[in-house]
Amino acid sequence: QVQLVESGGGLVQAGGSLRLSCAASGRTFTGYITGWFRQTPGEEREFVAGIDWNGGYTNYADSVKGRFTISRDTAKNTVYLQMTSLQPEHTPLYYCAAKRRASYSGIYTAKVEYDNWGQGTQVTVSS
């Protein structure tokens, strides 16, 4: 198991940017697919972006393509989510998730496919 700790959430004005971090402890992200999800109260937790640590392959939800970028820093064992052009409706809790994979066959987009989760970090966008 890998322990995940998110950081970087906070308050930002509409149109602004924010970078979230997901640090792994207990082991490295080697061999893992790491995803970012978000959830607002009463809504389903939805996939935002994912990255394969070994190959660097990425995948994004259509709603964030062109505005969000997922990346990794192998030296820091950390995955980032750079978010730009944030709008007031984008005020969910963001979660980092990870799943160890045997061989790469695509980025997991369903929350049930991940078995390691962080506690979430709040993003609030003011209008």
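Numbering of residues begins at 1 and proceeds along the displayed sequence. Keep in mind that this is a model prediction, so the values were computed, not measured.
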Kindly give the heavy-atom pair with the smallest separation between [X] and [Y], and that separation in Å.
X	Y	result
Ser17	Ser85	OG-N, 4.4 Å
Asn77	Phe29	OD1-N, 3.0 Å
Leu86	Leu18	CD1-CB, 4.0 Å
Tyr32	Arg100	CD2-N, 3.3 Å
Gln119	Leu93	O-CD2, 4.3 Å
Phe68	Arg38	CE2-NH1, 3.9 Å

Just by modelled atom types, is the [Y] backbone N or O under 3.5 Å from a matching donor or acceptor in the [X] side chain?
X	Y	answer
Thr84	Arg67	yes
Glu6	Thr121	no
Thr30	Thr28	no
Tyr114	Ile33	no

Nearest-0.5 Å distance, [atom1] of residue [X] to [atom2] of residue [Y]:
X	Y	atom1	atom2	value
Arg19	Leu81	CZ	CG	10.5 Å
Asp52	Thr34	CG	OG1	8.5 Å
Lys65	Thr58	NZ	OG1	9.5 Å
Trp53	Tyr104	CH2	OH	15.5 Å

Flag yes if [X] and [Y] sit in one hydrophobic cluster, no otherwise; membership is Ile, Leu, Val, Met, Phe, Trp, Tyr, and two members link when side-chain heavy atoms are under 4.5 Å apart.
X	Y	result
Tyr95	Val64	no
Trp117	Ile107	yes
Val123	Val79	yes

Classify the ring geometry between Phe37 and Phe47 as parallel (under 30°), tilted (30 to 60°) or perpendicular (over 60°).
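Because their plane-to-plane angle is over 60°, the rings of Phe37 and Phe47 count as perpendicular.
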
Report the C-alpha distance between Trp36 and Cys96 in whole Å, list the side-chain angles of each, state the deciding distance to 0.1 Å, and finish with yes or no for side chain to side chain contact (heavy atoms under 4.5 Å, CB included).
CA-CA 5 Å; Trp36 283 99; Cys96 177; 4.0 Å; yes

Taking CD in Gln13 as the centre, count heavy atoms belonging to other residues, nucleotides or ligands within less than 6.0 Å. Is the count above 12?
no

Mark yes when over 12 heavy atoms from residues, nucleotides or ligands other than Tyr57 sit less than 6.0 Å from its OH; otherwise mark no.
no

May I have the step-by-step check of side chain to side chain contact (heavy atoms under 4.5 Å, CB included) for Val12 and Met83, ending in yes or no?
CA-CA 11 Å; Val12 62; Met83 305 183 294; over 6 Å; no

Using the rule given for side chain to side chain contact (heavy atoms under 4.5 Å, CB included), can you reason through Arg101 versus Tyr108, listing the C-alpha separation, both sets of side-chain angles and the distance that settles it, and then say yes or no?
CA-CA 10 Å; Arg101 54 84 165 166; Tyr108 308 128; 3.3 Å; yes

